[in-house]
Each structure stands twice: as structure tokens, then as C-alpha cells.
Amino acid sequence: MSVRYALLALLSEGPKYGHQLRQEFEARTGEVWPLNVGQVYTTLQRLERGGLVESDGDEEGPQKGFRITEDGEAALAAWLHTPPDLSSPPRDELVIKILIAVQVRDVDVHEVLQTHRRYLVQLMQEWTRLKEHAGDRDLGFALAVDAELFRLDAVVRWLDAADGRIKRARLDRLEPADGHLPKSPRKALVRP
Amino acid sequence: MSVLELNGVSKVYGDGPAEVRALHEVSLTVDEGELVAVMGPSGSGKSTLLTIAGTLEAPSAGEVVIAGAAVTGMSRNDRARLRRRSIGYVFQNFNLLAGLTAAENVALPLELDGVPAKVAREAGVQALEELGLRERSGSFPDELSGGERQRVAIARAVVGDRRLLLADEPSGALDSANGEAVMRLIRTACRRGVAGVVVTHDAQLASWADRVVFLRDGRVVDQTAPAAGPESLIAPGR
């Protein structure tokens, strides 16, 4: 989906040839976004049919030149300013795993949490090492790596919070008073 | 070669019913040039581990070895000398002395160790230069930005011939760009052969380390595997 907008963005700098678009696309996003060559050309054809780009000839191939139309500029601007749909929680396997782990007898939930925490921190170490080696040369790459680090960091923080919450819930349960736990998770959070 | 060795270190505060076990038989070795991050929730013993590693506090049991010398049994004076010469600290709120310039702050550990003021000052300016702060060496802490103050604190921690760098939540209240800059500087110090220990609850900071050790209720419960090469994430098919 975003390939078309990445191509429109490249064309917003000025007219370009097909092969040039492919090279620039790879140079700017290639490391984090591998793509097959054909996808660039088929996407360009589709953009042309939709009136978002114009070409300078009928002959298909890498030498065909493209430029963005006014409709294309407008489509690009509209897309950039439209937030992607993040309104409903994604079905997250890790969350489900932990919800199940707290119900299974003889499972040490803290150990389950730690296994995932270690894995995530190791991934973050690898991304950070990439960022360290890349230095400040490649802005696009640094931005993409940051996005991945913040995403993984959020998961680690959720694990930390879950760890604390589960510990407190267990302590509460040991006190016989009126510490009854809710029977089922809130329906609102469960997607069909 | 290992610069820091903790062998079966325990720390107990108080006694009887008020007894708190802050650390329980913790063993940790940090080699020359290695950066280790210690992660754990508050109350897990992270800061106690760091103060014991820095000889600011004695363990209740176990052994601390720094640069080959056993700290237990050392006289107070010898311990103080070890601290001044071999160990650098970076604190959450930097702890710079307001009445001293950046260069004077950095030179202070050397001067306390008896290095002549002029030589110490030159070493201070040199350390600041390596962190890109030479032109600020005459500035006082309140004339510096948060990021600059932290760089001064790191310069002070690595000035002279320090072997061990200990940092407690070193990015403090800095934003993520400055936090990253701090970790890059600590990495640079480690590449020159300093052994580093960073205590943090922040996974992004910890991920700069060669190895991440997880502490829970005063025990080391886990650690990350040795680093894979930087290519592993962008291998084909991912």
C-alpha cells in the first residue's frame, strides 16, 4: 500500500525514469523494506491508470519517464496527514500468552515474562548496534530503527508493568479479606 | 581481563523483623572494554549493586575485586585511593559542583588525588575536548544545558586513567536524543578499554550494552546472550 506513496514522494522531487525510481526507492528504504523489482513497475502502471502520475510514452521499461500530476500531489498530501487506524487494540499474541499464563497452574508467570523480556531486550541490542554502526549518515534508516526500538521498548515496559501488577495481585490474594479478583477480562478489550 | 568482579555478594540492611535483603549472592564479572547494563524494577537492588561495586558501601558477605585488588580487607585510605584513581561515577542528576567551572569539575578527582592543579586542569580540558565540549570548559554548570552538564559528568568520570565507569540512570531527565548521546559517549569510553556498568530501568539505554543483566528481588535472574553480528536483523527473508 505505502509503495505507491513512496513513489509519489520520489516523483514530487521532479520527473524520473522507471529505473531511477527503483534505485532511489531501494537506496532510501531498501534496508528496512526489501521489495521486488516488479512491484515498482506494476505500482507505477497502477498510479498512471489512476491519473496520479503521467508518463512520457507508451513503451514499457526502465527508460520510461514519469512525473507526478496535481491529483498525485493532492493524494500524497492527504495520505501524509491521515493517521493510520490505531483505534482498536491489535490482537497481540504476547498479551494473550500472558493472560493465559496467569490462569495455568504450576506456571511461573514471572519466568514467562522474563523469557520474553530477555528476547525483546536482545532484539533491541541488535537494533541499537545497527544504529551505532550506521552513525548519523542515513536519516531514513535511523528513523526506522528508532520506530522499531520504541515499539519493542513499549512491549518491555508493558511486561515490567504486568510483572508488578501480577505480583501485587498475588499478594492481595494471600490476604483472605475481601480481595476477590474479577472473574473475566473486560469484554470491551476482546475483539471478535 | 576483568576489571570488576563481584563474587557471591550479599547485602542486608537492618536486622530481626526489619531485615531487608537488598542483594542475595550476586556474582558479576565485567571485562576491560565491556559495557554491562543492569536492569530491574525499583527495589530490585540495582543501586545497591552499583554502590558496592564502587566501594561506597561494603557488602555483608561476598567479595569485590577491582582491577585485580580485593576490596575487602583494604584500609579506608587504600579504598579511597582506589575510588579516586580507578573508578568514575555518573549520577542521575550529574552532581556537578556549582562553584567550579566545567574544566575544574572534571579535574577535581585528579586534584583530590594529588595531581598538580595545572596538570589536572589540562587533563580536564582534554577530557572535555574528547566529548566535544572544549569551548565550554570555562563555563559554570548553571550556564550549561542538561545535555552539556551530563557530558561534563561523563568527562569527570573518565578523566585520567580510570578503569571502571559506574552510571546510575545516566540519562536522568534527559530526552531520548540526549539519552542516546550519553550512551554513545559511554560506549566510546568502553572502546578505549574502560569497563562500564550502567544501572537503568530503561530498555533503550540498556540496549547499548554488550550484555544486559536482569536483577529481581536482589538476585541476578537472567542475562542476555552475547551479541550477534549487526547483520542478523537485515538478513534476507526478514
Side-chain angles (χ1 to χ4, degrees), chain A residues 26 29-36 108-136 138-139 141-168 170-171, chain B residues 34-44 46 132 171 175-191 198 200-217 219-238:
Chain A
E26 282 181 348
T29 57
E31 274 191 297
V32 279
W33 192 0
L35 185 76
N36 69 48
D108 183 340
V109 186
H110 297 301
E111 220 174 271
V112 174
L113 289 166
Q114 179 55 32
T115 305
H116 291 93
R117 187 185 285 116
R118 183 185 61 230
Y119 167 73
L120 289 159
V121 172
Q122 274 171 200
L123 275 181
M124 289 177 74
Q125 285 178 281
E126 289 178 45
W127 282 114
T128 301
R129 219 155 282 132
L130 279 177
K131 185 159 77 171
E132 192 183 7
H133 287 286
D136 292 331
D138 191 339
L139 177 63
F141 183 67
L143 288 170
V145 171
D146 277 346
E148 200 50 26
L149 281 167
F150 276 97
R151 189 181 70 79
L152 295 168
D153 184 38
V155 183
V156 173
R157 282 203 258 171
W158 177 74
L159 289 175
D160 292 344
D163 219 342
R165 194 178 286 282
I166 290 166
K167 195 174 175 182
R168 286 195 300 277
R170 295 262 152 101
L171 289 174
Chain B
E34 189 186 21
L35 179 60
V36 170
V38 179
M39 280 189 84
S42 25
S44 59
K46 300 189 301 277
S171 75
D175 60 23
S176 68
N178 275 308
E180 179 175 327
V182 165
M183 293 312 292
R184 281 186 191 274
L185 294 175
I186 292 178
R187 286 290 286 186
T188 308
C190 290
R191 266 199 297 273
V198 174
T200 181
H201 67 278
D202 181 335
Q204 293 212 41
L205 290 191
S207 68
W208 286 87
D210 299 301
R211 188 153 53 99
V212 182
V213 171
F214 298 90
L215 215 58
R216 183 184 172 78
D217 298 332
R219 292 167 201 266
V220 171
V221 290
D222 201 5
Q223 61 175 314
T224 57
E231 304 78 22
S232 60
L233 279 171
I234 42 176
R238 269 190 81 116

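Computed from a predicted model, the values in this text were never measured in an experiment. A, B, ... follow the sequence lines: proteins, then strands. Residue 1 opens every chain.
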Going by heavy atoms in the side chains, are Asp217(B) and Lys167(A) under 4.5 Å from each other? yes
Hey, are Arg117(A) and Asp222(B) close enough for a salt bridge, meaning a charged N less than 4.0 Å from a carboxylate O? no
Need one label for Met39(B): side chain, backbone, both or neither, based on atoms under 4.5 Å from any heavy atom in chain A. side chain
Per side-chain contact (heavy atoms from CB on, under 4.5 Å), Arg118(A) is matched among Val221(B), Thr224(B), Val212(B) by Thr224(B)
Which of Arg157(A), Glu111(A), Gln114(A) touches chain B most, by non-hydrogen pairs under 4.5 Å: Gln114(A)
Looking at every non-hydrogen atom in both residues, tell me the closest pair between Lys131(A) and Glu180(B) and how far apart they are. NZ-OE1, 3.0 Å
Checking Arg187(B) now: which residues fulfil side-chain hydrogen bond (donor to acceptor under 3.5 Å, both in side chains) with it, not counting sequence neighbours? Glu132(A), Asp210(B)
Check residues 201-209 of chain B and write down every donor-acceptor pair under 3.5 Å in which the side-chain atom is one partner and the other belongs to a residue at least two apart or another chain.
unit_1, atom_1, unit_2, atom_2, d
His201(B), ND1, Glu169(B), OE2, 2.7
Asp202(B), OD1, Gln204(B), N, 2.8
Asp202(B), OD1, Leu205(B), N, 3.3
Gln204(B), NE2, Asp153(A), OD2, 3.4
Ser207(B), OG, Thr128(A), OG1, 2.7
Ser207(B), OG, Gln204(B), O, 2.8

